[in-house]
Amino acid sequence: MTAQESHDTVSNSPRHEKSDGGAAGPAGTPRRERGTRVRRQRVRAAWLFLTPMLIGLLLVAGWPLVRTFWFSLTDASLSSLEGSQFIGLENYLVFDDGWYGILADPLWWQSVWNTIYFALVSVSLEAALGVIVALVLNAHFRGRTLVRAAMLIPWAIPTVVSAKIWAWMLNDQFGIINHLLLGLGLIDAPLSWTADASLSMWAVIIVDVWKATPFVALLVLAALQMLPSDCYEAAKVDGIHPVRVFFRVTLPLITPALLVAVIFRALDALRVFDVIYVLTSNAASTMTMSIYARQQLVEFQDVGYGSAASTLLFMIIALVTVVYLYLGRRQLGGGQ
Amino acid sequence: MKGRLLPAGIFLVAVAGQVQAADLTISCGAVGAELQLCKSGVERWEAQTGNSVEVVSTPNSATERLSLYQQILNARSSDIDVFQIDVVWPGMLAPHLIDLKEYLPQNATDGFFGAIVDNNTVEGRLVAMPWFTDAGILYYRKDLLEKYDLEVPTTWAELTEAAQTVQAGERDAGQKDFWGYVFQGRAYEGLTVNALEWIASYPDGGTIVDEDGEITVNNPQAVKALSHAAGWINDISPQGVLNYTEEEARGVFQSGNALFMRNWPYAWDLVQSEQSSIRDKVEVAPLPAGGEDGQSAGVLGGWNLAVSRYSDHPDMAADLVAFLASPEEQKRRAIEGAYNPTIEALYQDPEVLAAVPFFGTLYDTFVSAVPRPAAVTGDNYPRVSNAFFNTVHEVLSGRVTADQGLESLEGELERIKRRRW
């Protein structure tokens, strides 16, 4: 997981340099005599400073990534990593009296779908709620600092701990959630949140939203505090409805921050593991790509097959990131 | 540089080795009273030998525990010397375990159940000592069956009927949370055991994969068994049972909220303990059969003690294992915690029978328990079991019907078999 995060950074940095170089090329040509020496020195210094980080990234992110990809082409098992044999793409897909391999495994496709569903729903909810919470916290009221600090608690608790707490609260027989809902008369029989296949995905989403909304709210709040007040004063003078002000002024201005928050959350959600594993274990109805990969790697000791799943997971996340950044950039470009 | 560091390193290791010379680490389960009994057993050995042992507890779910062990063992870690391993694991873990025959006297396994000793012998090497055996049994509330004038059920249909009657009656009497039957329905190894008990209790229901490695799970009797079980959910079993392991089921039963419970013998001592709200109201029976011509089928469980090949003190660890598996220790565990001994003679021991009467009456259940297809599927057993319990979980939660589920399970097992069986 760190590998994926770091990889994004790796893939970002060359692009920045390229665009830098591209801009410098035409701009640099007319004043070549003055600029080259200093420029060359600067470039050299930049590389000097970058090298340790690049080596570090290569070691901690690149190497495991390459190794995982290599393992995905072998029949390695956890007990015999050395004695593994190259089997090509058999872990992915192979035809032998029927299709075999991950891409032919219905459970894999279900975990892909589960992951995407989870990511879409939870991140949308977190974005919407995060903005609302941020707007509330941006208003002036007594005890605002206290509420701001308190709001961060869910984000501060380690996921495994909060997931376990929720598992008890959601327990069908002794859980406080059912107790409350029964007391309020909203349900007439206790719901088994984590066991009922139709509810368990929602239980997981609720816990994730509870946990991650503060993160989105925090980023949005930071953006809100930087907004220029003159727009709002002008809007007030013109007597424009606050809802209209929000959609016409506030939302476009905080969109960049919101997009950053959403991409962070989306990446987290696509590789979600702990909250789901604690709440519903290996159940197929909530199995995500990470849980599928872990099951192959750890429970079945099948490093080859599990690595293939991890590689696919990585590629799907990379693809989503690229598409998102592309769309986000275009949207931003249009806005500007 | 290297030359100078190396001796220093060896010196440090030697010192550390000396300091911890007496230290062993044992991993015990923590289901029910297991951990406490393990600790007291270890303390007795410590007092006898003057060594010190650290007891570490492990996850309750057997599936989780296996993953943890595999990670420790595959890393060739010497952190844990003695492992408590499940009856289906010796084949899988054998390469990492020492041959106890080399460390223990020749007659170390005399008087033990031959089948379990055979189970723990892999390619002629005794990789684990049988510690306690297990088979699924049915716990029932004697007082409630008497109150409603019902017999102890001998078939699943009778169980269902009795559960419906009592559940309706108790709920009318104001106990709103009362349920008929609780079992282990979470998607984990325990569900494999439960579902195999249902299937094997029907005539020709099969055992997932037969002794020759043929996949037998997709048959009309198994469909019947699973459909029947799926009907329990929300009828006589809470839907939450789909996320229960042993201890969650015991929680509901022991708080007086269920009529029947499927569990292992360990639960006996706990439901009869002084803190239990149903003390003296519980009896046990063999699990029901699948219809008139079916048979009661408890699945063989049980745990063994094995020594890691990467242990720094294999001889000392083997001595600890021999002590814990000794007749005296097994007797103590039987009396104090209702753990089934693996030594035949203890089933006639009057003190044991006085403490746990059903060891005598259910003796047949324990010695003729149904094994899981671990030996024939070898390294692939976790995969087979996983495919099986996931299918059963889907059937129980109503996402697929039993025949659809079993048909796709057959395909899934074919895929697994094709890869490596």
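Just so we're on the same page: letters track the sequence lines, and every chain starts at 1.
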Go through the side-chain N and O atoms of A/Q295 and B/N386 and say whether any donor and acceptor fall under 3.5 Å apart. yes

Does A/I87, at its CD1 atom, have more than 12 non-hydrogen atoms belonging to other residues, nucleotides or ligands within less than 6.0 Å? yes

B/R415 side chain vs A/A104 backbone, donor-acceptor pair below 3.5 Å: yes

Part of A/Q301 lying under 4.5 Å from any heavy atom of chain B: side chain

Below 4.5 Å, heavy-atom pairs only: which of B/V252, B/N390, B/L242 has the largest tally toward chain A? B/L242

Contact origin within B/Y381 toward chain A - heavy atom pairs under 4.5 Å: neither

For A/N171, which atoms come within 4.5 Å of any heavy atom of chain B: side chain, backbone, both, or neither? neither

Quick check on A/L279 against chain B: is it the side chain, the backbone, both or neither that has a heavy atom closer than 4.5 Å? backbone

In the structure I gave you, are the side-chain heavy atoms of B/I416 and A/F300 within less than 4.5 Å of one another anywhere? no

Engaged part of A/S285 at the chain B interface, taking heavy atoms whose separation is under 4.5 Å: both

Measure the CD-OG distance between A/Q173 and B/S255 for me, rounded to the nearest 0.5 Å. 8.0 Å

Apply side chain to side chain contact (heavy atoms under 4.5 Å, CB included) to the pair A/D302 and B/R383, showing each step before the final yes or no. CA-CA 10 Å; A/D302 198 335; B/R383 216 178 257 283; 2.8 Å; yes

